[in-house]
Amino acid sequence: MADKQISLPAKLINGGVAGLIGVTCVFPIDLAKTRLQNQQNGSRLYTSMSDCLIKTIRSEGYFGMYRGAAVNLTLVTPEKAIKLAANDFFRFHLSKDGQKLTLLREMLAGCGAGTCQVIVTTPMEMLKIQLQDAGRIAAQRKLMPQAVTPGGPVEMKSPTAMQLTRELLKEKGIAGLYKGLGATLLRDVPFSIIYFPLFANLNNLGKKDAAGPAPFYVSFVSGCAAGSTAAVAVNPVDVIKTRLQSLTRGSQEDTYSGVMDCIRKILRNEGPTAFLKGAYCRALVIAPLFGIAQVVYFLGVGEYILSHLPKRNN
C-alpha cells in the first residue's frame with residue numbers, strides 16, 4: 001500500500017502529543033540511563049537502574065527523578081514532530097506512482113528523518129544531560145569532596161536550563177549548544193534507518209485489511225519492538241554522545257576531545273562492555289516512547305483536533 005498524502009499540521013500535532021505523553025511516562029528511566037552511562041571505573045555510584053532510581057529518590061526526592069524533564073517536555077514536541085513528519089514526507093516523495101516502498105527507500109526516508117531531527121535533538125540532550133547528571137556529581141562531591149572538577153565552562157550547584165544556556169552561549173556561542181552534534185548524527189541517523197523500515201514492516205504484518213490501517217495495539221507493539229531493537233543497536237554511539245556532551249565530571253574521570261578519542265579511552269580504560277552501559281534502560285525508554293508515539297500518530301489525534309477547530313469565515 002502506498003503512503004497517503006500527509007497533512008503536515010496534523011502530523012506535527014501527533015508528534016508533539018506523543019512526545020509529551022511518552023517523555024512523562026519514561027523520563028526517570030532515561031535519567032538512570034544517563035547516569036549509568038556517565039559513571040566510569042573508579043567512580044561508580046550505581047550498580048543498576050533500580051539502584052540508581054532508589055538512591056536518586058533517597059538523596060533528591062521523588063522529583064529528583066525528573067531533573068531535566070522541563071527541557072525535554074519543552075523541546076520534545078518539535079523534536080518528535082520533526083522526526084515523524086520528516087519520515088512521512090520522505091516516504092511520500094520517495095514512493096513511485098503509488099507503489100510500495102522498497103526497503104532501500106524506506107531506509108533513505110529514515111535517514112532523512114534522523115538527519116532533520118538533530119536540529120532540535122542536540123541542544124535538547126546537551127541541556128538535559130547536564131541536569132540529569134547533576135545529582136550524580138553532587139553525590140560524588142559528598143563522598144569525595146576533592147573528586148569533582150569542572151570538565152567545561154559550566155559548574156553550578158543547582159543549574160537550571162536557562163543558566164546553562166546562557167553560560168554556554170556566552171562561553172562558546174551557538175556551537176556550545178551543539179557540542180556532540182557529530183555523535184548525535186551517528187546515533188540518530190542509524191536509529192531512524194533501522195526503526196522506521198522495521199516498524200513499517202512489522203505494522204503491515206498486523207493489518208487485517210491491506211487497504212486499511214493496522215489496529216492500534218499492533219501499532220503499539222510494532223513501535224515498541226522496532227524502538228527497542230534500534231535503541232540497543234545504536235547504544236554504543238549513545239554512550240559516546242552522552243560522554244562528549246557531559247561538561248562536568250569527576251577528577252578521576254576521563255575527558256574527551258572527540259568521537260575517536262572517546263572510543264579509544266573507553267576501550268583502554270573500561271573495555272568494550274562499557275559501550276553497552278545503559279542499554280536496557282535505553283530499550284525501556286525507547287520502546288514505550290515510540291509505541292505511544294505510533295498509537296497517537298495512527299489514531300490521528302492531530303487530524304481530530306484540526307477537524308474540530310472553528311473555521312474562519314472569509
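Between the side chains of Ser219 and Asn203, at least one donor N or O lies within less than 3.5 Å of an accepting N or O. Under the 3.5 Å distance criterion, with hydrogens and angles disregarded, no donor-acceptor pair is assigned to the side chains of Asp133 and Ser246.
The backbone N or O of Gln37 sits less than 3.5 Å from a side-chain atom of Arg243, completing a donor-acceptor pair. Judged by distance alone, the side chain of Asn87 and the main-chain N or O of Lys83 form no donor-acceptor pair under 3.5 Å. Checking side-chain atoms of Asn201 against main-chain N and O of Pro197 turns up a donor-acceptor pair under 3.5 Å.
For the atom pair Glu79 CD and Thr121 OG1, the distance stands at 3.5 Å (nearest 0.5 Å). The distance from atom NZ of Lys241 to atom CG of Asn235, rounded to the nearest 0.5 Å, is 11.0 Å.
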Test side-chain contact (heavy atoms from CB on, under 4.5 Å) applied to Ser228 and Val232, step by step: CA-CA 6 Å; Ser228 57; Val232 173; 5.5 Å; no
Full working for side-chain contact (heavy atoms from CB on, under 4.5 Å) between Leu168 and Lys179: CA-CA 10 Å; Leu168 284 167; Lys179 184 179 180 183; over 6 Å; no
Worked verdict on Lys207 versus Val218 for side-chain contact (heavy atoms from CB on, under 4.5 Å): CA-CA 8 Å; Lys207 287 184 177 180; Val218 172; over 6 Å; no
Test side-chain contact (heavy atoms from CB on, under 4.5 Å) applied to Ile119 and Tyr178, step by step: CA-CA 9 Å; Ile119 297 168; Tyr178 280 87; 4.1 Å; yes
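When the options Leu267, Asp254, Leu244, Thr242 are evaluated for a side-chain contact (heavy atoms from CB on, under 4.5 Å) with Cys262, the one that passes is Leu244.
Ile29 and Ile54 fall into different hydrophobic clusters, where Ile, Leu, Val, Met, Phe, Trp and Tyr are joined by side-chain heavy atoms under 4.5 Å apart, directly or via other members. Under the 4.5 Å side-chain heavy-atom criterion for ILVMFWY residues, no single connected hydrophobic cluster contains both Ile263 and Leu185. The hydrophobic clustering, which links ILVMFWY residues whose side-chain heavy atoms are closer than 4.5 Å, places Tyr195 and Val26 together. Ile266 and Leu36 fall into different hydrophobic clusters, where Ile, Leu, Val, Met, Phe, Trp and Tyr side chains are chained together by heavy-atom contacts under 4.5 Å. By the criterion of side-chain heavy atoms lying less than 4.5 angstrom apart, applied directly or through intervening Ile, Leu, Val, Met, Phe, Trp or Tyr residues, Met162 is not grouped with Met124; the two fall into different hydrophobic clusters.
The stretch residues 212-227 participates, sequence neighbours left out, in no salt bridge (charged side-chain N to carboxylate O under 4.0 Å, His left out) pair at all. Within the structure, ring pair (Phe, Tyr, Trp, His ring centres under 6.0 Å) pairs that include any residue of residues 207-246 do not occur (at least two apart or interchain). A salt bridge (charged side-chain N to carboxylate O under 4.0 Å, His left out) check over residues 183-205, counting only residues at least two apart or in different chains, returns the pairs Glu125-Arg187, Arg187-Asp238.
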Would you tabulate the side-chain donor-acceptor contacts of residues 274-292 under 3.5 Å, counting partners in other chains and residues two or more places apart, or write 'none'?
residue : atom : partner : partner atom : Å
Lys277  : NZ   : Gln39   : O            : 2.7
Lys277  : NZ   : Glu270  : OE1          : 2.9
Tyr280  : OH   : Met49   : N            : 2.8

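Residue Thr24 comes nearest to Tyr66 through the heavy atom pair O-OH, 3.2 Å, listed as atom of the first residue, atom of the second, then distance.
The shortest distance between side-chain heavy atoms of Phe90 and Cys116 falls below 4.5 Å. No side-chain heavy atom of Leu75 sits less than 4.5 Å from a side-chain heavy atom of Lys128.
The pair Arg35-Glu60 meets the salt-bridge criterion, with a side-chain N (NZ, NE, NH1 or NH2) lying under 4.0 Å from an Asp/Glu carboxylate O.
Contacts of Val17 classified as side chain to side chain contact (heavy atoms under 4.5 Å, CB included), with partners at least two apart in sequence or in another chain: Ile13, Ile21, Val296.
Leu202 forms part of a hydrophobic cluster together with Leu198, Leu205, judged by ILVMFWY side-chain heavy-atom separations under 4.5 Å.
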